[in-house]
Structure formats: structure tokens, C-alpha cells
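If you read the sequence from its start, that first residue is 1, and numbering goes on from there. The structure displayed is predicted, hence computed values, not measured ones.
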Amino acid sequence: MTLSSNLWEANQDIAQACLQHPFVQGIGDGTLARQKFAYYVGQDAFFLEAFARAYSIAAAKVPNFSDFLTFHSLATGVLQELKLHEGYAAQWKIDLRCIKPGGATRRYTDFLLSTAWSGDVGLTAAAMSPCMGLYAFLGKQLALHGIPSHQYAGWIRTYSSDDFLPLTQQLESLVDSYATHTALVESTYRYAMFCEQDFFQAAWSYGSEQ
């Protein structure tokens, strides 16, 4: 089994917790409150900008030019993902230029960027892989019985699509090429998974205190 597969299997508890999270289930059945999804869209746009930057930092460090191109291809995929958010923002009148990152968002982006700047290519790929793998997993699970027709169908369509999965696999191949199975890689991957879970929880909690 590859390192990326080992890491994913070792964190199935968090993956399943994310799938069963009420925020994700609300996207799946269309019952999620619009204000919670709108908050998530803004936070995720802020996150994706940092994610693209982390790809670019890793690209600058990678010794193989072919993998340099792969990192930049992955960054381009993030920019395409941001266009989906821009569509939501226009539809629901969210100003993505004035997003104030929440605590869970800031913890995640700070972690990714500090790992990208201070860590090697393998560690950075391991820190970024959970996001891609988890979203591909959630998209496929929510689309098991077909793409629904409710207001969040675009989200499910994006992450269950045949276009998204290859990006996930490209990043996993970089993990396998550059990371080694160390305690640091394991803990870094798992921390990123926890960040994903916290990200959903923060969006789910939004508005509850108001």
C-alpha cells in the first residue's frame, strides 16, 4: 500500500465524522441554512487563496521540473475552484474582498503556509493532501444516488466530478514521491484532517450565537 493510501486509511475516523457532520449532511440533502453556507463560501475562498500559495511555495522547492509543472497545474485547479465560489458570492451577494477569517480558518491557513515555508516538499504535500482527498470522498458519497436538484447541487457536482478526482490523485502521487512515513508526516496529515473537521464545525456553528 502506498504512503498516501496508508495515511488516508489511518484517518478514516475523521473522514467518516466529516461525512456525518450536520453541515455536510445539510449540503447533501439541501437543508443547510443559507446563512451557514454563505459564511462557509467566504471562509473557503480565503482558505483557497492560501492553499494556492502553498502549492506555489512547494513548486519553487521541488527539484523535478515535471513535478514543478504538476504543482502549478494543481494551483490552477484551485483558481478554478475559486470561480465556483465567485458564482455563489454573486448569487448571494457575498463580498469576497472583505472576508474576515474566523479562528478555524486562520488556524488552518497559518498551518498550511508555515508548513510550506519551513517544511520540505513531501511534508507540504502531506499537509495539503487531506483537503483534496476528503472533498473527493465527500463529493462521491453525497452523489451516490445521483446529483440532487436542490440549491447545493453545484457543490456536490464539483467535488464528485471526474475532473476533481485526478487532481486529488496527482497530489497523492506527490506525497508518495517526496514524503517518507515518519511520525511528523503522520501527525501533519492528521492535524490537517482535524482542521477540515473544525472548518465544517465553525460553519455549522455560525449564527448560533447571534
Side-chain angles (χ1 to χ4, degrees), residues 8 11-52 77-109 111-112 128-165 167-168 189-210:
W8 174 251
N11 289 277
Q12 275 299 292
D13 56 332
I14 308 177
Q16 291 296 327
C18 288
L19 176 60
Q20 297 305 322
H21 195 283
F23 179 86
V24 174
Q25 288 295 305
I27 288 178
D29 60 21
T31 61
L32 181 69
R34 287 170 66 92
Q35 67 170 350
K36 294 182 187 297
F37 190 75
Y39 174 79
Y40 160 83
V41 167
Q43 296 299 303
D44 202 40
F46 183 91
F47 167 81
L48 287 172
E49 289 186 15
F51 204 67
V78 176
L79 299 180
Q80 292 172 347
E81 198 175 342
L82 273 168
K83 290 193 178 298
L84 172 70
H85 290 61
E86 289 169 3
Y88 283 130
Q91 178 184 350
W92 293 348
K93 297 179 173 57
I94 306 166
D95 188 351
L96 295 181
R97 296 167 299 180
C98 300
I99 297 300
K100 179 181 178 181
T105 305
R106 180 65 80 180
R107 282 191 297 276
Y108 201 176
T109 57
F111 155 71
L112 283 177
M128 300 181 75
S129 184
C131 176
M132 299 291 287
L134 182 64
Y135 271 63
F137 167 73
L138 296 177
K140 290 293 187 186
Q141 290 298 308
L142 295 181
L144 276 179
H145 303 295
I147 304 295
S149 57
H150 57 61
Q151 60 188 338
Y152 304 126
W155 192 98
I156 299 171
R157 184 177 296 107
T158 294
Y159 297 115
S160 64
S161 74
D162 292 336
D163 293 330
F164 189 74
L165 185 59
L167 298 175
T168 303
Y189 188 102
R190 190 164 181 82
Y191 183 79
M193 289 288 286
F194 276 125
C195 284
E196 288 291 339
Q197 187 176 18
D198 288 346
F199 199 87
F200 291 137
Q201 180 59 39
W204 175 251
S205 299
Y206 179 75
S208 301
E209 69 282 356
Q210 298 175 0

I'd like to check [X] versus [Y] (side-chain heavy atoms, cut-off strictly below 4.5 Å). Are they in contact?
X: Y108; Y: E196; answer: yes
X: L134; Y: F200; answer: yes
X: F137; Y: Q16; answer: yes
X: F37; Y: I27; answer: yes
X: Q25; Y: W204; answer: no

Relative to each other, are the rings of Y135 and W155 parallel, tilted or perpendicular (30° and 60° limits)?
->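 Tilted: the ring planes of Y135 and W155 meet at 30° to 60°.
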Parallel, tilted or perpendicular: which describes the rings of F23 and Y40, with under 30° parallel and over 60° perpendicular?
->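 Tilted: the ring planes of F23 and Y40 meet at 30° to 60°.
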Take H150 and I156 through the test side chain to side chain contact (heavy atoms under 4.5 Å, CB included) and record every step on the way to the result.
-> CA-CA 10 Å; H150 57 61; I156 299 171; 4.1 Å; yes
Can any side-chain N or O of H21 pair as donor or acceptor with the backbone N or O of G26 at less than 3.5 Å?
->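 Looks like no, no N/O pair under 3.5 Å.
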Between the side chain of Q43 and the main-chain N/O of G102, is any donor-acceptor distance below 3.5 Å?
->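 Answer holds: yes.
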Check [X] against [Y] and note the closest heavy-atom contact, atom names and distance.
X: T168; Y: M132; answer: OG1-O, 3.4 Å
X: K36; Y: S205; answer: NZ-C, 4.2 Å
X: A104; Y: A202; answer: CB-CB, 3.9 Å
X: A192; Y: F111; answer: CB-CE2, 3.8 Å
X: E49; Y: L82; answer: CG-CD1, 4.2 Å
X: E81; Y: F164; answer: OE1-CE1, 4.3 Å

For the [atom1] atom of [X] and the [atom2] atom of [Y], what is their distance to the nearest 0.5 Å?
X: T105; Y: D198; atom1: OG1; atom2: CG; result: 10.0 Å
X: F46; Y: K100; atom1: CZ; atom2: NZ; result: 12.0 Å
X: I99; Y: Y39; atom1: CD1; atom2: OH; result: 9.0 Å

Indicate whether any N or O donor in one side chain lies under 3.5 Å from an N or O acceptor in the other, for T31 and D29.
->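 Side-chain D/A pair, T31 to D29: present.
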Applying side chain to side chain contact (heavy atoms under 4.5 Å, CB included), run through S160 and L142 and close with a yes or a no.
-> CA-CA 8 Å; S160 64; L142 295 181; over 6 Å; no
Working for side chain to side chain donor-acceptor pair (under 3.5 Å), residues Q141 and Y159 = CA-CA 10 Å; Q141 290 298 308; Y159 297 115; over 6 Å; no
